[in-house]
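Report on one structure; see the data block that follows.
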Amino acid sequence: MARMEARSAGDSVRRIKGVGSAISGTLTKLGIETVSDLLWHLPRSYEDRTTLRRIGDVEDGEAATVSGAVVAAGNERLPTGKVATKVVLDDGTGTVTLLWFNQWFQKGRFQKGQTISAYGTVRKNQWGTQIPNPEWEGLSDSLLQSSRITPVYPLTEGLSQAVLRKFIRSALEDYLPVADDPLPEEMRERVGLMGAAEAFREVHFPHSAEAVERARERLIFEELFYVQVAMALRRHRAQREPGIAFAVNRDSLDRFFKRLPFALTPAQKKVIGEIERDMAGPYPMNRLLQGDVGSGKTVVALTAMMIAFHNGCQAAMMAPTEILAEQHFLSLGQFIDGKSIRVELLTGSLTPKKAEAVRERIRTGESHLVVGTHALLQERVEFHRLGLVVIDEQHRFGVLQRANLRDKGRRPDLLVMTATPIPRTLALTVYGDLDVSRIQGMPPGRKAIRTYWKSAQGRQQIYEGIHALVKQGRQAYIVCPLIEESERLQAKAAVEMAERLRTEVFPDLAVGLLHGQMKAADKEAVMGRFRRGEIQILVATPVIEVGVDVPNASVILIEDAARFGLAQLHQLRGRVGRGREQSFCLLMADPKTEPGKQRLQAMVKHQDGFVLAEQDLKLRNTGDLWGVRQHGLPELKIADLLRDFDALDRAIAEARALVARDPELRSPECASLRRLVSETFHIDLALVN
Ligand code: ADP
Ligand code: MG
């Protein structure tokens with residue numbers, strides 16, 4: 001016997017009436033898997049159908065809602081061979097024909113005498129008054145009908161507005177009465193927010209435009225509040241439980257610095273000072289190291305790793321790709337004394353036997369510094385004594401993965417590195433749980449990168465320029481056009497481009513290829529040859545976006561540059577300008593849109609990532625807030641970090657106050673908040689069960 005189970009918003013959406021396996025697959029495409037997802041699938045806009053039009057009064061071309069009794073319904077084969085479904089409505093002032101083509105099944109959905117309302121664009125012609133492809137609903141649909149402002153949802157293929165509205169209505173009816181409001185009532189009153197049930201009802205099927213506004217206000221606050229509670233919890237913990245207090249050994253550090261092939265810049269020294277202070281302190285370090293591409297973050301991280309090593313601890317560094325992990329591994333090897341320090345590389349492409357040997361050495365403590373990819377996160381990776389976690393985030397890892405690696409030690413210190421120049425206004429939201437250090441400026445001897453924007457007509461000239469530079473001993477990147485739709489197509493385009501460049505354009509040069517579908521070992525081999533100068537021109541898909549460091553590469557050509565966002569273009573450009581030679585960035589593009597042109601102009605004009613980020617925010621058209629999304633925050637559905645500034649401020653203050661009062665969210669009115677936050681952000685709260 002089936003047992004009646006308690007309903008919760010975390011239930012699968014399949015518990016909603018009418019949602020079977022096929023349609024749930026379709027809903028998944030919209031990111032809807034649970035009832036809660038469904039409730040948070042908010043209208044994109046609304047149609048005001050407040051005024052019912054008399055059928056006798058409607059005019060050609062107007063978008064109208066009419067209602068009446070079905071007086072006829074039938075299918076007709078037209079001379080063209082098409083089947084027309086015609087349903088005639090009569091409201092006493094006139095008749096209108098609802099019309100569908102080749103959808104014979106529509107007819108079966110109507111019964112004579114039934115009253116319905118229909119909405120669509122009216123067409124008046126020799127066949128009378130018609131509404132082709134209308135939206136309609138039966139008048140017994142009480143909630144839909146009584147709502148006079150109708151929601152319009154983002155859809156996907158195989159799903160109609162009418163069907164989605166029905167599901168959402170079911171969710172509202174079945175789930176809201178049993179749901180607790182996750183926002184404590186006392187706070188809701190103080191801030192002046194609508195209750196959850198009312199807010200969801202009004203946002204989906206509003207009674208008035210004003211009610212929509214108030215509902216949105218509540219949901220915006222709620223969304224921001226969750227993130228801020230999670231941040232506040234992390235902050236609180238970080239400031240409470242002691243970690244490792246490292247001793248900073250001057251002599252050992254100085255010996256390490258002397259081995260470096262360069263002198264540290266004042267900016268690097270400053271952030272190293274901040275890191276030393278954190279590591280020496282009793283609480284675990286929680287630091288974000290922000291520095292533009294090429295600013296020299298790696299050696300700063302390595303310094304922190306050396307401090308851990310001097311204290312008999314292991315240090316782990318996680319990079320987002322195998323190429324990067326390998327590169328870090330190589331540069332670490334280059335900077336340290338390999339006799340006394342054992343550095344290990346752990347990636348997914350090691351043979352099982354080798355990987356096991358590496359894990360064994362990590363487990364026993366024989367290895368001191370470990371560099372790797374997500375492979376480090378696997379459960380069977382255990383550390384002997386992990387004291388420091390470095391994450392070269394490059395906006396690829398989320399908050400979650402940070403936490404996972406950290407859990408492999410006993411409250412180890414944490415250093416996150418990012419090249420994303422998040423404007424100050426957003427940093428608090430994205431990194432509310434971290435302290436921020438910033439490397440300002442570049443190592444000395446760098447020349448500003450010269451950036452040019454060229455139309456595709458100038459291609460020949462550009463190729464000649466690249467050829468001349470390579471002949472002088474430089475190396476070049478050529479980045480293929482971005483194909484977001486498919487990795488396979490992206491790879492294919494890269495293969496073709498490399499082939500053409502190799503045979504037709506640069507037959508006398510060594511052209512290499514790097515794309516995302518290549519095996520890790522092959523990628524590494526290509527990168528190795530490029531590093532050693534055996535490849536002169538590297539054709540790549542946008543994978544080289546992240547941290548590749550080949551100082552002799554001084555030209556980058558970005559094809560179809562207008563398809564990239566500013567953040568991405570800036571990252572790509574950062575591949576060059578790492579050596580002493582003059583570097584060039586060539587943007588090839590013929591943008592059709594104004595924002596596209598503005599992005600390219602901004603690239604030509606500005607080098608500084610922070611300035612570009614601010615420009616981007618002003619342009620506001622990329623939708624890419626410099627990687628905010630990739631920073632592991634759930635995608636915001638309704639709040640907008642720029643627009644909803646006041647709400648954000650308020651949410652931060654309320655969240656911090658709440659956590660200060662109730663650090664484990666133990667109080668009864670926090671029960672559902674606790675569940676939500678711990679599930680969404682994977683925070684381990686003592687009382688969650
Ligand atoms: P990113 O911040 O993008 O990770 P890297 O750490 O890869 O930058 O450094 C970029 C390049 O600058 C590397 O080749 C590195 O060896 C070099 N570098 C770092 N610090 C200095 C310095 N103080 N003086 C000269 N070169 C440096
Ligand atoms: Mg780097």
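Start at 1 and go down the list; that is how both ligands and their atoms are numbered. Since we're looking at a predicted model, the values are computed, not measured.
- Nearest heavy-atom pair, His328 versus Thr298, reported as atom, atom and distance to 0.1 Å: ND1-CG2, 3.4 Å.
- The ligand atoms of ligand 1 that sit less than 4.0 angstrom from a heavy atom of Thr265 are 23 (N).
- The N/O atoms of Gly296, backbone and side chain alike, include one that comes under 3.5 Å of an N/O atom in ligand 1.
- Rounding to the nearest 0.5 Å places OG1 of Thr451 at 5.5 Å from CE of Met603.
- The parts of Thr298 lying near ligand 1 are both backbone and side chain, judged by heavy-atom distances below 4.0 Å.
- Listed by number with element, the atoms of ligand 1 under 4.0 Å from a non-hydrogen atom of Arg578 are 3 (O), 7 (O), 10 (C).
- Contacts between Ile439 and ligand 1 below 4.0 angstrom, taking non-hydrogen atoms only, are absent altogether.
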Passes side chain to side chain contact (heavy atoms under 4.5 Å, CB included), Gln582 versus Phe584? Steps please. CA-CA 7 Å; Gln582 175 61 56; Phe584 300 91; 3.7 Å; yes
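- Judged as a side-chain contact (heavy atoms from CB on, under 4.5 Å), and not counting sequence neighbours, the contacts of Leu345 are Ala325, Glu326, Phe329, Thr347, Val371.
- Within the structure, the closest approach of Ser295 to ligand 1 falls below 4.0 Å when heavy atoms are considered.
- Within the structure, every pair that satisfies the salt bridge (charged side-chain N to carboxylate O under 4.0 Å, His left out) test and touches residues 463-478, not counting sequence neighbours, is listed here: Lys471-Asp508, Arg474-Glu581.
- Contact annotation for Met417 and ligand 1: no heavy atom of the residue comes within less than 4.0 Å of the ligand.
- Looking at Gly291 next to ligand 1, no N or O pair under 3.5 Å apart turns up.
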Verdict with reasoning, Glu559 to Arg459, per salt bridge (Lys or Arg N to Asp or Glu O under 4.0 Å): CA-CA 10 Å; Glu559 292 278 352; Arg459 182 179 297 280; 2.7 Å; yes
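- Here Ala263 has backbone heavy atoms under 4.0 Å from ligand 1, and that is the only part of it that gets that close.
- Note on ring orientation: taking the six-membered ring where Trp is involved, the planes of His467 and Phe506 are parallel (angle under 30°, cut-offs 30° and 60°).
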